[in-house]
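One structure is given here, and the rest of the page talks about it.
Given the structure is predicted, the values throughout are model-derived calculations rather than measurements. Heads up: numbering here begins at 1 and tracks the sequence.
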Amino acid sequence: MFFLAADAQKPVSVTPLADKSGFTVATGTKDLGGGFYDHGVASPISNHRGVVSTVDGEGRNVVLAWLFDHRGGYALLMIDIQTGKSEEFPVPFDPKQDTPYSSILSSDNKFYSFYRDHFVEFDPVKRKFTFVSRATPQMAMAMTEDDMGKIWAVTYPNSGLVSFDPKTRVFKDYKSVNKENWHQYQKTMVADDSGWIYFGLGNASSQIFAFNPATAETKSILPKNERKLGMALVYRDLNGKVYGQGLGTEQEAWYELYKGEHRKIGKYDKSRLKPIVTGTQNLFHNKFPDGTLLKTLDLVNRILVTENPKTKKSTEVTFNYSSDGAIVMGVGTAPDGTITGGTAFPMRFFNYDLKTDKWVNRYAIGQFNALANQNNKVFFGVYSGGYLIEWDPYQAWKGITGKGSQSNPLFLTNVSPTIIRPFRLVAHPDGKTLIMSGTPQYGATGGGLLFWDDKAKERALLSDDQVVKDQSTMSLVPLNNGKLLGGTTTTPGTGGEKKATEAMIYVMDMASKKIEWQKVLFPGAQEYSEMRLMPNGMVYGIKDKKVFFVFDPTKRQLVHEEDLVPKFGRTTAEQSPRIFVKGPKGEVYMLFNDGAIVQIDTKSYALKLIATAPSKIKAGGDYADGRIFFVSGSHLLSYKL
């Protein structure tokens with residue numbers, strides 16, 4: 001099998017694993033000069049961000065799918081379901097790593113989306129993008145079509161509204177129609193038969209809005225006491241009216257909405273929803289106009305399966321597409337010396353063996369954000385379930401089959417909603433404890449700490465109230481005296497309200513799990529991006545990805561600080577930054593976004609540039625086999641010391 005690597009425009013040879021759990025890639029490491037090497041794409045796969053089944057200009061059944069890799073939503077893919085012939089249509093703007101979060105197939109067979117501040121129309125009959133317009137930032141979270149055929153979108157982060165009339169070709173940008181002190185998400189959007197537009201809002205505080213296109217008037221529906229953590233939802237009924245809830249639960253009251261007015265109606269249990277082909281990034285409209293069903297669109301194995309609903313006969317075709325590789329969240333060295341980590345969209349596990357120059361790529365249960373080694377095993381902190389899992393690189397891969405199983409990887413626990421996006425996972429020197437931190441569920445503020453005893457298979461889970469209220473822990477350092485040093489971030493859960501103004505450093509007693517000391521070490525700091533304990537007892541740290549500091553945890557004093565930006569720019573970053581890399585003799589290096597690799601003098605703390613990568617360093621970073629490994633774009637690179 002061959003995949004096409006878009007960056008190199010050369011086929012990548014892919015061999016399915018014998019156990020069918022994934023595939024291997026023979027890469028052929030490239031010498032980039034100056035001590036740098038490119039070991040290839042970690043996961044040469046794209047993710048779809050909305051799929052619809054429709055017809056082209058000749059009436060042939062085709063599938064349309066938005067393609068997303070580390071660059072963003074870079075193209076629309078069209079596949080003929082009978083032949084597997086595929087065409088790619090690059091989007092008419094630079095996605096800059098943004099991607100569709102909502103799309104809609106209109107009643108006149110046009111496909112729309114709105115992201116990276118651009119509204120686009122694709123016509124499968126003409127086989128091209130037929131409209132594009134810049135508009136209020138940033139991306140549509142919900143879209144709809146009104147009874148006159150106009151296309152509407154509501155956008156993150158400030159509830160911008162736009163409309164497009166396919167008949168007159170008039171595009172209107174109504175700008176932001178609601179203000180909050182948090183980023184606004186919308187999941188549903190509909191129109192009543194009088195032309196009023198409605199959308200549900202979340203996550204920090206739910207709300208339903210009604211918008212009158214004739215006057216640009218916006219009305220909020222839910223009273224303050226009915227606004228809750230979560231997402232409000234709205235639905236269009238065939239009776240021409242709209243129905244909504246403050247939250248999508250059985251306990252929530254229903255509202256009937258029409259011409260901007262609203263009334264509570266108790267239950268709404270006789271719904272007849274108006275069919276509109278729209279949805280989130282997971283949109284999968286699988287019914288073609290002739291009734292044929294799309295059963296499978298597999299971007300990993302390049303397989304498309306359809307079914308004749310009358311005969312139940314399935315047809316399978318293969319197709320191809322270009323990809324520059326999925327987002328890599330970071331890399332670390334496993335106990336067996338391989339480089340391991342995970343990708344996002346699609347969620348994949350990988351490890352790379354430098355000795356054989358080969359990759360292994362497998363399905364992952366989520367986004368492997370953070371990792372740590374203990375007792376010859378690798379532990380991963382996983383978004384979005386807040387999972388903690390364990391992988392034994394010396395045993396056969398069996399896949400995760402469920403809680404309490406003897407699978408490999410092994411599911412240990414999950415801590416959602418207290419933590420859903422892990423920022424840090426550290427292995428305590430006691431040889432049994434794993435500590436994980438991160439941000440909480442969507443819309444919430446302040447994540448806690450997980451303490452996992454891997455010998456007893458027991459856990460302790462602290463809330464932010466027990467650590468630092470309204471903040472999440474970004475960096476963790478087990479100290480030598482039974483204490484734990486933590487550095488926070490003011491970042492809330494996704495879509496949550498930021499409540500803290502300054503990040504803290506704290507000391508916790510490991511035995512009692514009580515905070516003994518905390519301080520705003522740097523006034524105005526928003527995060528302590530990473531901290532590492534050194535052999536002499538000092539702690540190296542990074543503030544806001546731009547200041548290097550040295551902290552004495554015994555005296556609880558700052559002993560050194562230096563602004564990194566003038567010389568090196570900002571440090572590399574990801575959701576779990578791996579900025580510091582320790583070498584074989586205890587030397588310490590820092591990785592920077594613009595490519596600088598800098599060594600720290602352990603006595604004077606002087607910073608010395610030792611090399612500059614030929615491309616940006618997107619994520620760190622670990623040491624193995626005389627090299628510093630890091631992520632550049634979707635590629636794994638190394639620098640030979």
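Under the rule for a side chain to side chain donor-acceptor pair (under 3.5 Å), the partners of N181 that lie at least two apart in sequence or sit in another chain are E497. For T439, the side chain to side chain donor-acceptor pair (under 3.5 Å) criterion is met by no residue, not counting sequence neighbours. Checked against side-chain contact (heavy atoms from CB on, under 4.5 Å), K355 has the following partners two or more places apart in sequence or in another chain: D353, D625. Q526 is linked by a side-chain contact (heavy atoms from CB on, under 4.5 Å) to T490, K498, D544, counting only residues two or more places apart in sequence or in another chain. Residues meeting the side-chain contact (heavy atoms from CB on, under 4.5 Å) test with K545, sequence neighbours left out: E527, S529, R570, T571, A573. In this structure, the side chain to side chain donor-acceptor pair (under 3.5 Å) partners of K457, at least two apart in sequence or on a different chain, are D454.
Counting non-hydrogen atoms of neighbouring residues, nucleotides and ligands closer than 6.0 angstrom, the OH atom of Y387 reaches no more than 12 such neighbours. Atom NZ of K567 has 12 or fewer heavy atoms from other residues, nucleotides or ligands within 6.0 Å.
A salt bridge links D509 with K483; the closest basic N to acidic carboxylate O contact falls under 4.0 Å. Residues R227 and E180 are paired through a salt bridge, judged by an N-O separation under 4.0 Å between the basic side chain and the carboxylate.
Of the residues Q97, K618, M347, the one that meets the side chain to side chain contact (heavy atoms under 4.5 Å, CB included) test with I327 is K618.
Residues N408 and Q395 have side chains that never bring a donor and an acceptor to within less than 3.5 angstrom of each other.
Aromatic ring pairs are classed by plane angle as parallel below 30°, tilted from 30° to 60° and perpendicular above 60°; the pair F36 and F630 is perpendicular.
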For this session: For the pair Y101 and Y115, evaluate ring-ring contact (aromatic ring centres under 6.0 Å, His included) and give the outcome as yes or no after the intermediate values.
Result: CA-CA 8 Å; Y101 284 82; Y115 61 102; 8.7 Å; no
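Side-chain atoms of D392 and N376, non-hydrogen and from C-beta on, never get closer than 4.5 Å to each other.
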